[in-house]
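Heads up, the thing below is written out as structure tokens.
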Protein chains: 2
Amino acid sequence: MANNLPYAFTCQSIPCDTDAMTEFDPAPHATSDDRPADLRAGAFQGVREARRNELAEDYVELIAELIHDQGEARPVDIAARLGVKVPTVSKTLDRLAREGLITRAKYRSVFLTDDGRSLAKECRRRHEIVLRFLISLGLDPVTAERDAEGIEHHVSERTLALFSAFASRS
Amino acid sequence: MANNLPYAFTCQSIPCDTDAMTEFDPAPHATSDDRPADLRAGAFQGVREARRNELAEDYVELIAELIHDQGEARPVDIAARLGVKVPTVSKTLDRLAREGLITRAKYRSVFLTDDGRSLAKECRRRHEIVLRFLISLGLDPVTAERDAEGIEHHVSERTLALFSAFASRS
DNA sequence: GCACAAAGTTAGACATGGCTAACAATCTGC
DNA sequence: GCAGATTGTTAGCCATGTCTAACTTTGTGC
């Protein structure tokens, strides 16, 4: 699923990377805390990694949505949906093109590459699972949507599976 | 500063501005507009806001931890825990000092201000709740720690309450 | 088919967050 | 109390993400 993507979307996209950085132990001595420091240390690595990709994921997911709903993805619409200005979008789209997630021609709307499309699909899947999970927990849809938007980039495959199972059996 | 927290944690407090796009239906299930676009549009605002504060939150939380565990928070330890280089920490600490979350003197270790302390406490609380929730869902502790680190900055108070309740009754 | 509006781009400013290299201060072990 | 190791700071580089201002292109209406 994720192996044709140009990035290491390590935090979420690769289900079996859970051994990657947990063995690193910078703290000279973890005192009698019941919550070992090394766990947290390792966690930061993954989070920083994930943060680097959040924006790209938001973009491709949104672009896919716009194409689906309106037939095309125009910078002006992307900007409106994200709540940023058009030049910001333009610059970011350049980056995404450079990274092979989209293609674009000057003054024309944006298209996803195969990589972009599969990233979008993956993102959408995560989004849906998180959203359904939150709603099945009893959260109102507005808050659920907002929280899902933030959370979706930070859930591991393992957690996603639990969320999914929980939502199904509710 | 309104309350004793230096930032607006607007991730949860942004009112839903339902003005933008019309309906569309990306989800296969919904008949017409079960999940209106405006929900997602609004969500991005909050997420971007939250992202701006994540790093500061990570820092103060970690600083509080270091002070608790080792008596002091030194840049070298912060750097090791976060997995970044010391100059990066130094620069970020300058910013946090500028923002009134910490105090520091040259070549000495770092202290939290009252604002910093209450932010740290708040973050720790969120972290604990998310972590306990994930574990009570059945997630292994290592993954739970990693996911909690990413998720904690993006859960609304409402979601947190649900998480907390769920973890308690398990 | 022209003029104007809307959309897109480019340039440039600014803050952040990461890095390395070079230097300064502090701490430690004789 | 001094030398060397460790720690911390400063300077400077780069990429990103945001903005505004100015310009260009596209598209529309008449």
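Below, chain A is the first sequence line, B the second, and so on; all start at residue 1. In what follows, every heavy atom counts, from backbone to side chain, and hydrogens, waters and symmetry copies are set aside.
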Looking at residues at least two apart in the chain, or sitting in another chain, which of them share a side-chain contact (heavy atoms from CB on, under 4.5 Å) with A:Arg52?
A:Glu49

Separation of C:dT16 P from B:Asp58 CG (nearest whole Å):
16 Å

Among residues at least two apart in sequence or on other chains, which ones pass side-chain contact (heavy atoms from CB on, under 4.5 Å) with A:Ala144?
A:Leu131, A:Leu134, A:Ile135, A:Leu139

In chain order, what residues pass the side-chain contact (heavy atoms from CB on, under 4.5 Å) check against A:Ser90, with sequence neighbours excluded?
A:Arg104

Treat primed atoms plus P, OP1 and OP2 as sugar-phosphate and everything else as base, then score nucleotides 7-18 of chain D 5' to 3': B for base contact with protein heavy atoms under 4.0 Å, S for sugar-phosphate contact only, - for none.
SBBB-BB--SBB

Partners passing side-chain contact (heavy atoms from CB on, under 4.5 Å) against B:Lys85 (at least two apart in sequence or in another chain)
B:Pro87, B:Thr88

Hits for ring pair (Phe, Tyr, Trp, His ring centres under 6.0 Å) against A:Phe163, two or more places apart or cross-chain, chain-then-number order -> A:Phe133

Rounded distance (Å) that lies between atom P of C:dG8 and atom CD1 of A:Ile102:
13 Å

